[in-house]
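Treat the numbers as computed from the prediction; the structure is a model and nothing was measured.
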Amino acid sequence: MAVYPSKRLRRLRYNPIIRDMVRETHINKSDLIYPLFVVHGENVKNEIKSMPGVYQMSVDVAVKECQEVASMGIPAVLLFGIPEHKDEQGSEAYDPNGIIQKAIRAIKAEVKNLLVITDVCLCEYTSHGHCGLLNGEEVLNDETVSLLAKEAVSHAEAGADIIAPSDMMDGRILAIRKALDYKGFTKIPIMSYAAKYASGFYGPFRDAAESTPAFGDRRSHQMDVANAEEALREVEADIEEGADMVMVKPAGAYLDILYRVKETFGMPTAAYQVSGEYSLIKAASKMGWIDEERVMMESLTAIKRAGADMIITYFAKDAVKVLERNK
Ligand code: PBG
């Protein structure tokens with residue numbers, strides 16, 4: 001009978017070679033997606049205070065960064081734009097000469113072997129910092145969805161490879177799919193931020209994207225932290241509407257959701273290790289309280305183990321360095 005003392009699970013742990021041999025989860029550089037923040041100007045590289053090692057970059061600097069990212073073997077970047085002028089309609093989001101459209105064109109012209117994924121939302125572009133059009137303090141759904149479809153088409157026209165709507169309005173995937181198809185972009189996949197929670201972990205991102213809402217919060221469209229069944233309904237709706245890939249966000253505190261989404265739908269599934277997850281690890285390591293590299297790799301491994309096929313992470317470059325060293 002295989003019980004102790006004949007059964008000893010430690011047998012497979014006594015040396016690194018055997019541990020390698022039985023390891024179940026592997027992070028590959030091809031799993032990683034690197035987020036980038038693009039601003040107007042030239043030769044701009046502003047470090048984000050709450051995210052050491054992450055920068056707002058002008059297009060010229062972002063192109064160089066993308067060349068490095070591609071040369072490291074990271075397959076994709078996720079672009080966020082910070083506009084010059086914000087207004088109530090978030091007009092720069094769908095302006096053919098907006099910051100993101102310029103960045104896409106430059107990166108696609110100058111960098112080979114790199115997918116450009118674009119975040120589709122209005123919050124970086126609106127003067128009030130909300131994810132859509134407002135009526136008083138209400139974020140309007142259907143009116144916002146029309147603008148998101150317009151934004152997605154303008155990203156595709158600029159050359160984006162994958163469109164990633166992060167707004168959490170109802171019906172946006174269907175509207176974006178229809179608009180893309182109508183304009184002939186039938187081959188452009190949609191990676192939907194399908195289960196996106198109203199999370200405190202986005203704090204540092206809002207410094208990076210300058211998108212803190214002027215009043216209120218995002219709880220009328222992002223999901224309640226306490227809900228899991230609802231996440232499955234959100235993901236199902238997005239798949240029915242035409243999402244090609246789905247995302248769970250944040251990652252680390254939502255591994256149960258990630259696991260259930262992957263198990264239930266078996267879709268290509270991304271997880272976003274968000275700004276706050278990054279900053280917590282960075283800050284604790286700066287204090288000397290944790291080993292940064294070890295906790296970084298542990299957090300990424302846990303996300304992969306839970307079911308992620310792709311991980312969007314500010315650690316992408318650092319993780320590739322570790323993977324290359326340990327080859
Ligand atoms: C919205 C968007 C946000 C993030 C990605 N897309 C912010 C928000 O919903 O408030 C957060 C990413 C992060 O925290 O790293 N455009």
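Counting heavy atoms from C-beta outward, Q222 and Y202 have side chains that approach closer than 4.5 Å. Within the 4.5 Å cutoff, the side chain of K282 has heavy atoms near those of the Y278 side chain. Between R105 and N97, the closest side-chain pair of non-hydrogen atoms falls below 4.5 Å. With contacts defined as side-chain heavy-atom distances shorter than 4.5 Å, the pair S285/M296 does not qualify. Residues V322 and D318 form no side-chain contact, since every pair of their non-hydrogen atoms from C-beta on lies 4.5 Å or further apart. For the pair I290/I281, a side-chain contact is recorded, criterion being any heavy-atom separation below 4.5 Å from C-beta on. Side-chain contact between R218 and C131 is present, with heavy atoms from C-beta onward closer than 4.5 Å. Under the 4.5 Å side-chain criterion, counting only non-hydrogen atoms from C-beta, F215 is in contact with L134.
Legend: side chain to side chain donor-acceptor pair (under 3.5 Å) pairs involving residues 77-90, not counting sequence neighbours, sorted by first then second residue: D87-S91. Under the side chain to side chain donor-acceptor pair (under 3.5 Å) criterion, the residue pairs touching residues 65-80 are E65-K317, with sequence neighbours excluded.
The existence of a salt bridge linking K196 and E234 is excluded, since no basic side-chain nitrogen approaches an acidic carboxylate oxygen closer than 4.0 Å. Between K321 and E324 there is no salt bridge, since no side-chain nitrogen of the basic residue lies less than 4.0 Å from a carboxylate oxygen of the acidic one. For E229 and R260, the salt-bridge test passes: some basic side-chain N is under 4.0 Å from an acidic carboxylate O.
One finds the OH atom of Y34 at 14.0 Å from the CD1 atom of I312 (value rounded to the nearest 0.5 Å). Note: I188 CD1 to E157 CD = 11.0 Å, rounded to the nearest 0.5 Å.
Between the side chain of S6 and the backbone N or O of V3, at least one donor-acceptor pair lies under 3.5 Å. With hydrogens and angles ignored, the 3.5 Å screen pairs no side-chain donor or acceptor of S211 with any backbone N or O of E124. Under the 3.5 Å distance criterion, the side-chain polar atoms of E47 are matched with a main-chain donor or acceptor of G53. Without hydrogens or angle criteria, S275 side chain to F201 main chain gives a donor-acceptor distance under 3.5 Å. When atom types are taken as modelled, the side chain of D60 and the backbone of N43 share a donor-acceptor pair closer than 3.5 angstrom. Remark: the backbone N or O of I18 is paired with a side-chain donor or acceptor of N15 at under 3.5 angstrom. Of the possible polar contacts, none joining the N227 side chain to the E230 backbone as a donor-acceptor pair under 3.5 Å is found.
Grouping the Ile, Leu, Val, Met, Phe, Trp and Tyr side chains by contacts below 4.5 angstrom, directly or via other members, places I33 with V261. Y182 and L180 fall into different hydrophobic clusters, where Ile, Leu, Val, Met, Phe, Trp and Tyr side chains are chained together by heavy-atom contacts under 4.5 Å. Y94 and L79 fall into different hydrophobic clusters, where Ile, Leu, Val, Met, Phe, Trp and Tyr residues are linked whenever their side-chain heavy atoms come under 4.5 Å apart, directly or through other members.
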For this session: Check the pair D20, R23 against salt bridge (charged side-chain N to carboxylate O under 4.0 Å, His left out), reporting the backbone distance first and the verdict last.
Result: CA-CA 5 Å; D20 272 354; R23 184 160 299 127; 2.7 Å; yes

Exercise. Run the side chain to side chain contact (heavy atoms under 4.5 Å, CB included) check on I99 and I82 step by step: do they pass?
Worked result: CA-CA 7 Å; I99 183 64; I82 296 125; 5.7 Å; no

For this session: Determine, step by step, whether V61 and Y55 satisfy the side chain to side chain contact (heavy atoms under 4.5 Å, CB included) criterion, reporting the C-alpha distance in whole Å, the side-chain angles of both residues, the deciding distance to 0.1 Å, and the verdict.
Result: CA-CA 10 Å; V61 178; Y55 301 83; over 6 Å; no

Problem set entry | Test log, rule side chain to side chain contact (heavy atoms under 4.5 Å, CB included), inputs Q273 and L300 | CA-CA 8 Å; Q273 183 180 48; L300 295 172; 3.5 Å; yes

Problem set entry | Test log, rule side chain to side chain contact (heavy atoms under 4.5 Å, CB included), inputs F185 and I163 | CA-CA 11 Å; F185 297 110; I163 300 294; over 6 Å; no

Atom pairs and distances, donor-acceptor, side-chain atoms in residues 106-114, under 3.5 Å, two or more places apart:
| unit_1 | atom_1 | unit_2 | atom_2 | d |
| --- | --- | --- | --- | --- |
| K108 | NZ | L114 | O | 3.1 |
| K108 | NZ | D161 | OD1 | 3.4 |
| K108 | NZ | D161 | OD2 | 2.7 |

Tell me which donor-acceptor pairs under 3.5 Å the side chains of residues 240-255 have, and how far apart each pair is, sequence neighbours excluded?
| unit_1 | atom_1 | unit_2 | atom_2 | d |
| --- | --- | --- | --- | --- |
| E241 | OE1 | I173 | N | 3.3 |
| E241 | OE1 | L174 | N | 3.0 |
| D244 | OD2 | I190 | N | 2.8 |

Review item, side-chain donor-acceptor pairs of residues 144-152, under 3.5 Å, at least two apart:
| unit_1 | atom_1 | unit_2 | atom_2 | d |
| --- | --- | --- | --- | --- |
| T144 | OG1 | L133 | N | 3.0 |
| T144 | OG1 | L140 | O | 2.4 |
| S146 | OG | D142 | O | 3.3 |
| E151 | OE1 | C121 | N | 3.4 |
| E151 | OE2 | C121 | N | 3.4 |

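A donor and an acceptor atom, one from each side chain of N28 and S30, are nowhere located under 3.5 Å apart. For the 3.5 Å distance criterion, the side chains of E277 and S299 fail to qualify, holding no donor opposite an acceptor.
Scanning all heavy atoms of the two residues, the minimum distance from P165 to M191 falls at CD-O, 3.2 Å. A194 and V235 make their closest contact through CB-CG2, 3.8 Å (heavy atoms, listed as atom of the first residue, atom of the second, distance). Of all non-hydrogen atoms in V38 and A103, the two that sit nearest each other are CG1-CB, 3.8 Å.
Under the side-chain hydrogen bond (donor to acceptor under 3.5 Å, both in side chains) rule, Q56 has a single partner from H40, K45, E210, which is E210.
For R19, the CZ atom is densely surrounded, since the number of other residues' heavy atoms within 6.0 Å is greater than 12. Few gaps surround CZ on F265; more than 12 heavy atoms of other groups in view lie less than 6.0 Å from it. The local environment of CD in E298 is sparse, with at most 12 non-hydrogen atoms from other residues, nucleotides or ligands closer than 6.0 Å.
Residues meeting the ring-ring contact (aromatic ring centres under 6.0 Å, His included) test with F205, sequence neighbours left out: F37, F80.
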